[in-house]
There are 2 protein chains.
Amino acid sequence: MTRKRFDEMGCSVACALNEVGDWWSLLVVKQAMLGTRRFVDFQHNLGIAKNILCNRLTRLVDNGVMVRVDVGEHGKRYEYRLTDKGRDLFTVVTALRQWSERWNGEKDTMQLVDRQTGEPLAPVTVQNQQGQTLTVRDVRFVDEDGKPLEEAG
Amino acid sequence: MTRKRFDEMGCSVACALNEVGDWWSLLVVKQAMLGTRRFVDFQHNLGIAKNILCNRLTRLVDNGVMVRVDVGEHGKRYEYRLTDKGRDLFTVVTALRQWSERWNGEKDTMQLVDRQTGEPLAPVTVQNQQGQTLTVRDVRFVDEDGKPLEEAG
DNA sequence: CAGAAAGGTTGCATAACGAAACCAAATAAG
DNA sequence: CTTATTTGGTTTCGTTATGCAACCTTTCTG
């Protein structure tokens, strides 16, 4: 009765959720994007139990999303930092944030702005090669041979 | 000891995860984007237990991500369809899919293409108002007054 | 040396999950 | 009309995950 794993479903979305799809992982990543690096700071900013935080950080490190850096000062002290792979989740986190703000209202105390201009960000969208925005109705799902999938049944 | 809720953290990312952040919800949404609408089809395509699927569909309907439509044919038969709010998760799902493909390799048997041109999609990115791509290092987190957050400690 | 801080680990109670069995309504088969 | 099947669940039960508190270890601080 082990929790079903998503990495053997032949679906990259499932594979991604297997790495960052549980209750806390993406929040830890988001918090790291805000600048948090130390164990106790994650703990206080997120209100997460220590054992769960420990488990999540370990999993994120194992999956290459974060790295544990030994900063020698003041005895046993580590920093958890995002890797390139982790920073690349910025798109996902931002899309999720914007989705929530669009449909659930502004419940966040913070806002993201362009560091250069100070302006708010543009909405994250899916685009084609020409830069045109696409909805889910504008795309088709095809298999390796380019044949459209008939997957509903 | 109830599972911690994310909707009271003053964070829209947490709020979003509270709605679609568990193990199955986003996969159900993704499957719906592929065209799946009926209970048994979700069950077979995802390999999810019936009670869990039932719970997730109910939660998605309660959260306005999907609707349950009574299609009168053949007795008790319903369809679960995405709402506008649910379809708007296309950006999140696509960003997650692309992230997984970039960092974990092509493990998916299907591909997304522009319905018009047949070309693969462009990578989902965060952009500023001028359409320039931004990384997490190019943005700043500010509070309501525009002051930068010092949130690490 | 005593005390505190950082970073964990352990134990326990509760909640969620997964598989299979069971159920009810309505249609299809005979 | 009777039986079987399909659909969409609910129930039961064992396993796993989560949250909280307590404890542990190493290193700094006083």
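In what follows, chains are A, B, ... by sequence order, proteins preceding strands, each numbered from 1. Side chains are part of it too, since the values below use all heavy atoms of this structure and drop only hydrogens, waters and symmetry mates.
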Starting at OH of B:Y78 and ending at C1' of C:dA26, how long is that distance when rounded to a whole Å? 11 Å

For A:N63, all residues meeting side-chain contact (heavy atoms from CB on, under 4.5 Å), sequence neighbours excluded: A:E19, A:V65

What is the distance, rounded to the nearest whole Å, between atom CG of B:L53 and atom C1' of C:dA16? 16 Å

So do the side chains of B:D143 and A:Q111 get within less than 4.5 Å of each other, counting heavy atoms only? no

A:N51 side chain, from C-beta outward: closest of D:dC20, D:dG9, C:dG18: D:dC20

For C:dA6, take OP1 and OP2 only and decide whether either is under 4.0 Å from a side-chain N or O of A:R38. yes

Rounded distance in Å - CZ (B:F39) to C1' (D:dG8): 6 Å

Examine A:L34 and A:L53 and state if one hydrophobic cluster contains both, with Ile, Leu, Val, Met, Phe, Trp and Tyr joined whenever side-chain heavy atoms are less than 4.5 Å apart. yes

Could you state the atom-to-atom distance from CZ of B:R59 to P of C:dC17 in whole Å? 8 Å

Quick test of your reading: applying salt bridge (Lys or Arg N to Asp or Glu O under 4.0 Å), list the pairs with at least one residue in residues 50-69 of chain A, sequence neighbours left out, ordered by first then second residue. A:D22-A:R56, A:D22-A:R59

Whole angstrom value for the distance that separates C1' of C:dC17 from CG of B:L27: 15 Å

Could you state the atom-to-atom distance from CD of B:Q43 to C1' of D:dG8 in whole Å? 9 Å

Phosphate contact (C:dA16 OP1 or OP2) by B:W24 side-chain N/O below 4.0 Å: no

Name the closest nucleotide to the A:V40 side chain, picking from C:dA6, D:dG19, C:dA16. C:dA6

What is the distance from NE2 of A:H44 to C1' of C:dG7, rounded to the nearest Å? 12 Å

Mind calculating the distance between CG (A:D22) and C1' (D:dA17) to the nearest angstrom? 10 Å

Just by distance, no angles: are the side chains of B:T58 and B:N55 close enough, under 3.5 Å, to form a donor-acceptor pair? no

Taking 4.0 Å as the cut-off, does a side-chain nitrogen or oxygen of B:R68 come that near to OP1 or OP2 on D:dG9? yes

Between B:Y80 and D:dG9, is there a contact of a side-chain N or O with OP1 or OP2 at under 4.0 Å? yes

5' precedence on DNA chain C between B:I48 and A:K50 (nearest-nucleotide basis): A:K50

Under 4.0 Å: is that the gap between some side-chain N or O of A:R77 and OP1 or OP2 of D:dC28? no

Closest nucleotide among D:dT10, D:dG8, D:dC20 to the B:C54 side chain: D:dT10

